[in-house]
Amino acid sequence: MPTITLPDRSTRRFDGPVTGAEIAASIGAGLARAAIGIRVNGVLCDLGEVIETDADVAIVTQPRPGQSPSDDALYLLRHSCAHVMAEAIQRLHPDVQLVYGPPVEQGFYYDMRLPEGQTLSSDDFPKIEAEMARIVAEDRPFTRVSLPAAAGLDRLRADGSRYKIDNAERAIAAGSTELSWYATGTPGKDWDDLCRGPHLPSTGRIGAFRVMSLASSYWHGDADSDRLTRVYGTAFFDAAALDAHLERLEEAKRRDHRVIGRQLGLFHIDEMVGQGLILWTPAGAIVRQELQNFIAAELQRQGYSQVFTPHIGKLELYRTSGHFPYYRESQFTPIVEADALAMLAREGCSCGELSNRLADGTVDGFLLKPMNCPHHIRIFASRPHSYRDLPVRLAEFGTVYRWEQSGELGGMLRVRGFTQDDAHLFCTEEQVPRELEGCLELVRIILDTLHLTDIRVRVGLRDPDSSKYVGDPAEWDKAEAACRQAAESLGAPFTEEPGEAAFYGPKIDFVVRDAVGREWQLGTVQVDYNLPRRFDLSYIGPDNQPHRPVMIHRAPFGSMERFCAVLIEHFAGAFPLWLAPEQVRVLPISDRSEAWAKHCLAALAAAGVRATGDFSSDRIQARVRDAAEARIPCLFVVGPRDEEAGTVSIRARGIQRDLGARPLEEAVRAIGEEIRTRGSRTLLATCFSEVAVGAGAAAPGKA
RNA sequence: GCCACCGUAGCUCAGGGGUAGAGCACACCCUUGGUAAGGGUGAGGUCACGGGUUCAAAUCCCGUUGGUGGCUCCA
């Protein structure tokens, strides 16, 4: 006699064992039609799951057209579609051995082992999709069959799939007492697959799908194990949702910072210079410099001190900090002095031995700095400090070098040399909360100014069951409370993630979602008890005794490279006026207006505006188009009429028409105002208040 | 790092065992045009680099280098 409690806390009693489908039907016919699965006491199950005892049950439904699906609904859909794809591939290639096929964020994949000599290619996708369409059209039920573990293993051994046997053995080792199969249709007659489930009620619920790409992978992710073929696909409840997804992917491609970076000449990565090493070209350098100027002004306001430190330091420094040899794999190889190297060579020292001697300190050398903190710490330690000096805030756009695996590198998002907008705050225990708030204030200003509104904050706390953390638990409690409070002060959604703290202290990370929905970790604020101890830092307190300062590491942008990559994609290359490499372009209608155009350019230059003139012999239509493709925020089109009246005809990016003429001085003043206020008082608002604004920043490829 | 795919003009790409093609960009000429491509002419490539096979290699093979995607979320 199970009593079922629904999410609204209402209850229903049933006379005997009841399935999810029956519960849904008891509530309403519409719900029964929409139901595709259930959650029983928090566990996602098939709609046909039989419930025999009292339970909390939530019905998982497929979304109405236009409604966005729940995570559970997508999970069921995509997991089921992975089966359909596997069945389709096995129909076409019967010798394929299946390995593992889970849903993932954007769809699903299936790993499989192809017989020696056989390959899949994207040419096979239409055939696979045609088979899948047939299976979906047949609307066959997903039918679960369970066997006790031993019997299940016997069956698998008879089938002879070593991968599935391994999967089952792992499941049993993890505590499973039975093994389950899902048949698409009738067990024993139709195709089936060892699978934990759950699944949709039937294949017909899969509204729209697409085989996306091929990749290779390893069994268990182990490079020494079998190489597998991974087929990626995606699925949605209806064709419109699939189309929207594909359109988003297209949009992402158009916004890719590597594509726009080349088009607009923002940066270059050169084979001869090296992988993952960014060359900032003149236009990109302007964007970066403007960002740095922006943040430097805020740092000055907040009482930071600017410092400069070199790109290398002695290994001993990093032994003290703990970066070497602990993080050796993610660093460039140390630099050994020529004399020392020559001596070691004479002694016949092997590379392995050299490596050991560098690690144990019997040979010294230099390291390209993987972090800025040791240098800043030595600045702090270079003179005694009173509690009255604190907090000491040392800031530097510091370039660091890290050895990323070649396969991980990508554009400016993952690189081997990057510049952090770094700072280290040395303060007393009591000052930590106030300093954290200051850091978060900075982050808020940056994100607001750049309209990066969709931000998520992660507060990394210690795992209470672990002993890997340094520092006094009472200090941790205070620091964690301060982080939580600071995160709250930001007014953005935040999650607390136990176990995600660094071993030396809790941290606050900022994750932004770009225009196409991808998440990127940018800035970070971290409390550190470890390094002050390792470097034996101290200040003299009011009691005339030495005390240990607490350090805060913070980099609101994270790295200039990654941040600019995200910004390029966020704005689709259409930077706001204050950041744009070229802010205004002056276009004379014909060479008869060249003199007036040059006069306008001089006025813009005098006001500190980055402006150029296009004096080419193309027609004005062509030059307007060129300027639009170059994402120039503002165009002055000037002809004889303007010259006579002392005006410029203004066209702003994102608004595809002539806005009208304004006196040159007024236009230049308004542009200067927009630049100075970093967009809070725009040219449009000042000169063309009747024009609907807001179209400027986010319109990719149009102006 | 490992695996798959890829590298042809500045860019986007076609072609493919008998030494090279388009569009855009570039240069020059004509056009003097009021808001997203006016017309013509021309220049531009050791087909990523190195080696091999071959009468002959950009094309086939091997190596290197660089790029792109991927490298478990218990069946």
Side-chain angles (χ1 to χ4, degrees), chain A residues 75 78-79 83 98-105 108-111 119-122 149 152-153 156 161 163-176 178-182 193-197 212-232 253 256 258-259 262-263 265 269-276 329 403-411 587-594 616-630 635-642 649-652 655-661 701-703:
Chain A
Y75 182 95
R78 290 167 171 178
H79 192 189
H83 274 228
L98 298 178
V99 182
Y100 170 56
V104 290
E105 198 181 327
F108 58 86
Y109 65 81
Y110 217 116
D111 279 347
T119 55
L120 279 179
S121 92
S122 48
L153 270 180
L156 281 173
S161 165
Y163 303 106
K164 291 288 173 180
I165 293 168
D166 178 81
N167 285 340
E169 283 170 345
R170 283 163 168 260
I172 291 164
S176 296
E178 59 175 36
L179 295 174
S180 57
W181 278 257
Y182 277 81
D193 188 19
L194 176 76
C195 179
R196 182 182 54 150
M212 299 298 288
S213 64
L214 276 172
S216 87
S217 64
Y218 300 108
W219 194 26
H220 300 159
D222 174 3
D224 296 325
S225 190
D226 295 0
R227 187 167 48 75
L228 307 173
T229 297
R230 175 171 295 185
V231 188
Y232 278 89
K253 231 188 266 176
D256 190 315
R258 292 167 297 199
V259 173
R262 169 162 291 291
Q263 281 169 359
I269 300 172
D270 193 277
E271 249 184 73
M272 243 177 153
V273 174
Q275 291 182 283
E329 289 73 35
W403 186 262
E404 299 284 355
Q405 295 191 49
S406 62
E408 301 276 4
L409 299 171
L587 311 178
I589 291 296
S590 75
D591 56 15
R592 284 208 300 263
S593 303
E594 217 175 286
S616 73
S617 63
D618 285 324
R619 291 171 57 200
I620 190 66
Q621 285 86 342
R623 284 176 288 147
V624 165
R625 181 173 189 272
D626 288 346
E629 293 208 320
L635 306 187
F636 286 0
V637 178
V638 296
R641 293 202 300 262
D642 294 294
S649 297
I650 297 174
R651 177 168 171 141
I655 300 167
Q656 302 191 35
R657 62 183 172 81
D658 180 9
L659 290 168
K702 293 182 183 151

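Residue numbers start from 1 in every chain, and the chains themselves are labelled A, B, ... in the order their sequence lines are given, proteins ahead of strands.
Minimum atom distance to the side chain of A/Arg619 is reached by B/rG38, of the listed B/rG38, B/rA36, B/rC71. In this structure, of B/rA36, B/rC71, B/rA75, it is B/rA75 that holds the atom nearest to the side chain of A/Ser180. Side chain of A/Arg592, nearest nucleotide from B/rC11, B/rG67, B/rU32: B/rU32. Picking from B/rC73, B/rU32, B/rU35 the nucleotide with the shortest atom distance to the side chain of A/Tyr100 gives B/rC73. Of the candidates B/rA36, B/rC73, B/rU32, B/rU32 carries the atom nearest the A/Asp591 side chain, counting heavy atoms from C-beta on. With distances taken from any side-chain atom of A/Val104 to the nucleotides B/rC74, B/rC73, B/rU31, the minimum falls on B/rC73. Comparing B/rG33, B/rA75, B/rU32 by their nearest atom to the side chain of A/Ile589 picks out B/rG33. Distance from the side chain of A/Lys164 is smallest to B/rA75 among B/rU35, B/rG67, B/rA75. Checking B/rA36, B/rC73, B/rC71 against every side-chain atom of A/Ser217, the shortest atom distance belongs to B/rC71. Comparing B/rA75, B/rU35, B/rG7 by their closest approach to the side chain of A/Leu179 singles out B/rA75.
Between the CG atom of A/Leu587 and the P atom of B/rG33 there is a distance of 16 Å, given to the nearest Å. The distance from atom CG of A/Leu194 to atom C1' of B/rC74 is 11 Å, rounded to the nearest whole Å. Look at CZ on A/Arg230: it is 7 Å from C1' on B/rG70, rounded to the nearest Å. Between A/Arg258 atom CZ and B/rG67 atom C1' the separation is 9 Å, expressed in whole Å. Distance CD (A/Glu629) to P (B/rU35): 18 Å, rounded to an integer number of Å. One interatomic measurement links the two molecules: CG of A/Leu409 to P of B/rG70, which rounds to 14 Å at whole-angstrom precision. One can place CG of A/Leu228 at 21 Å from P of B/rG69, the figure rounded to the nearest angstrom. Straight-line distance from the CD atom of A/Gln656 to the P atom of B/rA36: 8 Å, rounded to whole Å.
The partner of B/rA27, taking Watson-Crick or G-U wobble pairs whose two distances both stay under 3.5 Å, is B/rU41. Look at B/rC71: its Watson-Crick or wobble partner, with both distances under 3.5 angstrom, is B/rG1. If you check B/rG34 for Watson-Crick or wobble pairing at under 3.5 angstrom, you find it has no partner at all. With a cut-off of 3.5 Å on both Watson-Crick or G-U wobble distances, the partner of B/rC60 is given as B/rG52. With both pairing distances under 3.5 Å, B/rU65 is matched to B/rG7 as a Watson-Crick or G-U wobble pair. Using N1 to N3 plus N6-O4 or O6-N4 for Watson-Crick, or N1-O2 and O6-N3 for G-U wobble, each under 3.5 Å, B/rA22 pairs with B/rU12.
Within the structure, every side-chain polar atom (N or O) of A/Tyr110 is placed at least 4.0 Å from both OP1 and OP2 of B/rU72. In this model, the phosphate group of B/rG67 is approached by a side-chain N or O of A/Gln275 to a distance below 4.0 Å at OP1 or OP2. Between A/Arg196 and B/rA75 there is a side-chain N or O to OP1 or OP2 distance below 4.0 Å.
Nucleic acid contact class of A/Arg641 (heavy atoms, under 4.0 Å, all strands): base. If you check every strand for non-hydrogen atoms under 4.0 Å, A/Asp642 touches a base. When heavy atoms are screened at a 4.0 angstrom cut-off, A/Gln405 is found touching base atoms of the nucleic acid. Using a 4.0 Å heavy-atom distance criterion, A/Thr229 is classed as making no nucleic acid contact. Residue contacts shown for A/Gln263 are absent, as no nucleic acid heavy atom lies under 4.0 Å away. Within 4.0 Å (heavy atoms only), A/Ala171 reaches at least one base atom of the nucleic acid. Within the nucleic acid shown, A/Gly152 has no heavy atom closer than 4.0 Å to any nucleic acid atom. Heavy atoms of A/Tyr232 sit under 4.0 angstrom from primed sugar atoms or phosphate atoms, though from no base atom. If you check every strand for non-hydrogen atoms under 4.0 Å, A/Arg170 touches nothing.
Here A/Asp111 pairs with A/Arg230 in a salt bridge; the nearest charged N to carboxylate O distance falls below 4.0 Å.
Comparing B/rU72 with B/rA58, their C1' atoms sit 41 Å apart, to the nearest whole Å. Separating the P atom of B/rU46 from that of B/rG10 is a span of 9 Å, rounded to the nearest Å.
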